[in-house]
Visitor: 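What follows is a structure written as structure tokens; I'll ask about it next.
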Amino acid sequence: IRVDVVRKSSSTKVKAYYSSDMLGGRSVPYPLRLEPTTVAKYFEEREKFNPANYLKNPMVLMMIFVAVMAFVMPKVVENMDPEELAKYKEEVKKGGGTMGALKNALNDPGPTRS
């Protein structure tokens, strides 16, 4: 629908035409009675709650890793050889702490086979 508004000095004329009949001049009665064809969406729908989204967060991943290591490390220490356990405890007592002992254990190639 095309709406033409013509304003002259004291009066205003409003005429509406069907868009296909603009040249033919078939006008639409005024006031216009229009009905919507679709419902306008003014707001976006909120994203649904998904607990799996928390696993994409690096901080959550680090917390899960620390929690797992807190339960796994004691089991690993229980299954160590008595000699390695004594060596590990000695290195922790030296002042390097647990991190120093782990660093030395990683850097130590261990016994060589002949």
Side-chain angles (χ1 to χ4, degrees):
I1 292 181
R2 177 182 172 183
V3 179
D4 289 336
V5 179
V6 179
R7 187 173 180 166
K8 293 192 178 177
S9 60
S10 61
S11 64
T12 304
K13 290 186 180 182
V14 177
K15 283 200 169 196
Y17 300 96
Y18 287 110
S19 59
S20 60
D21 294 337
M22 285 180 12
L23 299 176
R26 193 172 88 173
S27 64
V28 179
Y30 186 77
L32 298 176
R33 298 195 186 275
L34 304 174
E35 295 180 15
T37 57
T38 61
V39 177
K41 288 187 176 183
Y42 294 104
F43 303 103
E44 291 182 19
E45 279 191 42
R46 179 180 249 178
E47 189 175 321
K48 302 286 184 195
F49 177 73
N50 186 1
N53 285 343
Y54 286 111
L55 295 177
K56 297 177 185 175
N57 187 339
M59 289 297 292
V60 172
L61 291 174
M62 287 192 298
M63 288 189 309
I64 290 172
F65 177 75
V66 168
V68 167
M69 291 306 291
F71 290 108
V72 170
M73 282 304 287
K75 302 292 183 192
V76 170
V77 171
E78 286 177 6
N79 294 332
M80 286 177 73
D81 286 337
E83 294 174 7
E84 288 181 26
L85 183 59
K87 182 179 174 184
Y88 173 75
K89 286 183 179 181
E90 182 182 319
E91 288 181 12
V92 170
K93 286 180 184 177
K94 280 184 186 176
T98 305
M99 289 304 292
L102 288 175
K103 185 189 240 184
N104 291 338
L106 291 175
N107 291 334
D108 185 23
T112 57
R113 295 183 183 173
S114 301

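We're numbering straight along the sequence, starting at 1. What you see is a predicted model; the values in this text were computed from it and never measured.
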Visitor: Taking C-beta and beyond as the side chain, do E78 and K75 meet within less than 4.5 Å on heavy atoms?
Guide: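 Answer yes - side chains close enough.
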Visitor: Could you work out the complete set of other residues in the hydrophobic cluster of F49, with links drawn between I, L, V, M, F, W and Y side chains under 4.5 Å apart?
Guide: Y54
Visitor: Same cluster or not: are V68 and M62 linked, directly or through other Ile, Leu, Val, Met, Phe, Trp or Tyr residues, by side-chain heavy atoms under 4.5 angstrom apart?
Guide: no
Visitor: Who else is in the cluster with F71 when I, L, V, M, F, W and Y are joined by side-chain contacts under 4.5 Å?
Guide: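 Answer for F71: none, a lone residue.
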Visitor: Quick one: list whatever passes side-chain contact (heavy atoms from CB on, under 4.5 Å) with M69, sequence neighbours left out.
Guide: F65, M73
Visitor: Just how far is it from atom CG of L85 to atom NZ of K87, taken to the nearest 0.5 Å?
Guide: 12.5 Å
Visitor: Has N57 got a side-chain atom pairing as donor or acceptor with M59's backbone, closer than 3.5 angstrom?
Guide: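 Judged by distance alone, yes, a pair lies under 3.5 Å.
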